[in-house]
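Working notes, structure below.
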Amino acid sequence: MRSPLLTLPKAELHIHIEGSLEPEMMVALAQRNGITLPYDSVEAVQAAYQFENLQSFLDLYYAGAQVLQTEQDFYDLTWAYLQKCAAQQVRHTEIFFDPQTHCDRGIPFEVVHSGITQALLDARVQIGVSSALILCFLRHLSAEAAMATLEQALPYRGIIIAVGLDSSELGHPPSKFQAVFDRARAEGFLTVAHAGEEGPPEYIWEAIRLLKVSRIDHGVRCVEDPALVEYLVEHQIPLTVCPLSNVKLCVFDEMAQHNLKQLIDLGLCVTVNSDDPAYFGGYMAENFAAVESALGLTPEHLVQLAENSFKASFLPPEKQKPYLEELLTYKTSLEKI
Ligand code: ADE
Ligand code: ZN
């Protein structure tokens, strides 16, 4: 069987739109907006991308996001990512955005939201990529600040289907945001949370029990707690795993040591995602390629991961159906080769 990487239809469920800011666009937007970057070339930006842990990455990532100023900037950023989706057969994407990163430096919520949303709407019509937005709260900031952000977002419900929790995990457990997530659910949002990337299994339990999440973002440290693995398997709570990210941020020393195959073999509903593709060396196809070669995944594994991605998405069953049928046709065609 040939490798299905480039033609496999799939969904992406863990992508921070600010993390798709390629160095070329960072430099171009800095010029367009009259911002001075601490780098004098695209190569210098790329050379800075050596991370020791999540925090060392976040410091650069928040600094890079400062070049995003206007509605057009947010449109261009999102449009470039959606073009990648179309090129890599990503049929559906559920995109995180971090309003606090922008609103706290004076960019109105409306500017961020309209730029991103207009690109999503254009992509649905022009390149056939379906999408939704997930508003993430920055967990290193206060619960009060998260609540204020939620209130700001209420008039924009619709394309924002869920809220999530990202940024520095250690020291900021999900329990800190219980009241915010209670309110978000009462307002009709679904919930997800980053947990078990650097943080302990206890944070995954808190995300499930206190924040009532539908999916865990990352979650790779669940294997340290057998009762948690059993619970995740029994309830088929999806994990949105990000292999290239985990290696770049030193969660695993190298791809060959990643536990993705172990997670699949344990019966977990695992998906593969890019997290911050411009910073970690690739989009969906590159993540699939990396795990395929380093972990010896078979085409059947890859098809299973793609199937999981649609089933774990927030698309209603009737919208998942055509994608799952396409995948089945694809699988059958592979078997004939
Ligand atoms: N924000 C962007 N990427 C992130 C990650 N991998 N973990 C937590 N917050 C993030
Ligand atoms: Zn993430």
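First listed ligand is number 1; within each ligand, the first listed atom is number 1.
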Atoms of ligand 1 close to [X] [distance to a heavy atom under 4.0 angstrom, numbered from 1]:
{"X": "Tyr61", "result": "1 (N), 2 (C)"}
{"X": "Phe57", "result": "2 (C), 3 (N)"}
{"X": "Leu58", "result": "1 (N), 10 (C)"}
{"X": "His218", "result": "6 (N)"}

Handout entry: Side-chain donor-acceptor contact under 3.5 Å, Asp73 with Asn33
Key =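 Short answer, yes.
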Exercise for the section: Go through the side-chain N and O atoms of Glu94 and His92 and say whether any donor and acceptor fall under 3.5 Å apart. Expected result: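 Yes, because at least one side-chain N or O of Glu94 sits under 3.5 Å from a partner of the opposite role on His92.
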Handout entry: His258 side chain vs Met255 backbone, donor-acceptor pair below 3.5 Å
Key =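 The answer is no, because no donor-acceptor pair under 3.5 Å joins these two groups.
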Practice task
Without swapping roles, check the side chain of Lys212 against the backbone of Arg185 for a donor-acceptor pair under 3.5 Å.
Solution key: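 Flag not set: sc Lys212 to bb Arg185 has no pair under 3.5 Å.
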Please tell me whether [X] and [Y] form a close aromatic pair, meaning their ring centres lie under 6.0 Å apart.
{"X": "Phe181", "Y": "Phe177", "answer": "no"}
{"X": "Tyr49", "Y": "Phe280", "answer": "no"}
{"X": "His194", "Y": "His16", "answer": "yes"}

Practice task
Mark yes or no: Arg215 above the aromatic ring of Phe314, with NZ or CZ under 6.0 Å from the six-membered ring centre and no more than 45 degrees from the axis.
Solution key: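 Judged by the rule, Arg215 and Phe314 form a cation-pi pair.
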For [atom], what's the nearest protein heavy-atom neighbour? Residue, atom name and distance, please.
{"atom": "atom 6 (N) of ligand 1", "result": "Asp275 OD2, 2.7 Å"}
{"atom": "atom 9 (N) of ligand 1", "result": "Ser167 N, 2.8 Å"}
{"atom": "atom 3 (N) of ligand 1", "result": "Asp276 OD2, 2.6 Å"}
{"atom": "atom 1 (N) of ligand 1", "result": "His16 CE1, 3.5 Å"}
{"atom": "atom 7 (N) of ligand 1", "result": "Glu197 OE1, 2.8 Å"}

N/O/S from [X] sitting under 2.8 Å away from the Zn ion (ligand 2):
{"X": "His218", "answer": "no"}
{"X": "Glu197", "answer": "no"}
{"X": "His194", "answer": "yes"}

With backbone taken as N, CA, C and O and side chain as the heavy atoms from C-beta onward, which portion of [X] lies under 4.0 Å from ligand 1: side chain, backbone, both, or neither?
{"X": "Leu54", "answer": "side chain"}
{"X": "Phe96", "answer": "neither"}
{"X": "Glu18", "answer": "neither"}
{"X": "Glu169", "answer": "neither"}

Exercise for the section: Please report the C-alpha distance between Ile134 and Ile95 in whole Å, then the side-chain angles of each, then the deciding distance to 0.1 Å, and finally whether the side-chain contact (heavy atoms from CB on, under 4.5 Å) criterion is met. Expected result: CA-CA 6 Å; Ile134 301 175; Ile95 303 176; over 6 Å; no
Exercise for the section: May I ask you to decide if the ring planes of Phe96 and His14 are parallel, tilted or perpendicular, using 30° and 60° as cut-offs? Expected result: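 The arrangement is perpendicular - the two ring planes meet at more than 60°.
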Exercise for the section: Please lay out, stage by stage, how Cys136 and Leu165 fare under the test side-chain contact (heavy atoms from CB on, under 4.5 Å). Expected result: CA-CA 5 Å; Cys136 274; Leu165 196 58; over 6 Å; no
Handout entry: Close N or O approach (Ser245, ligand 1; < 3.5 Å)
Key =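 No.
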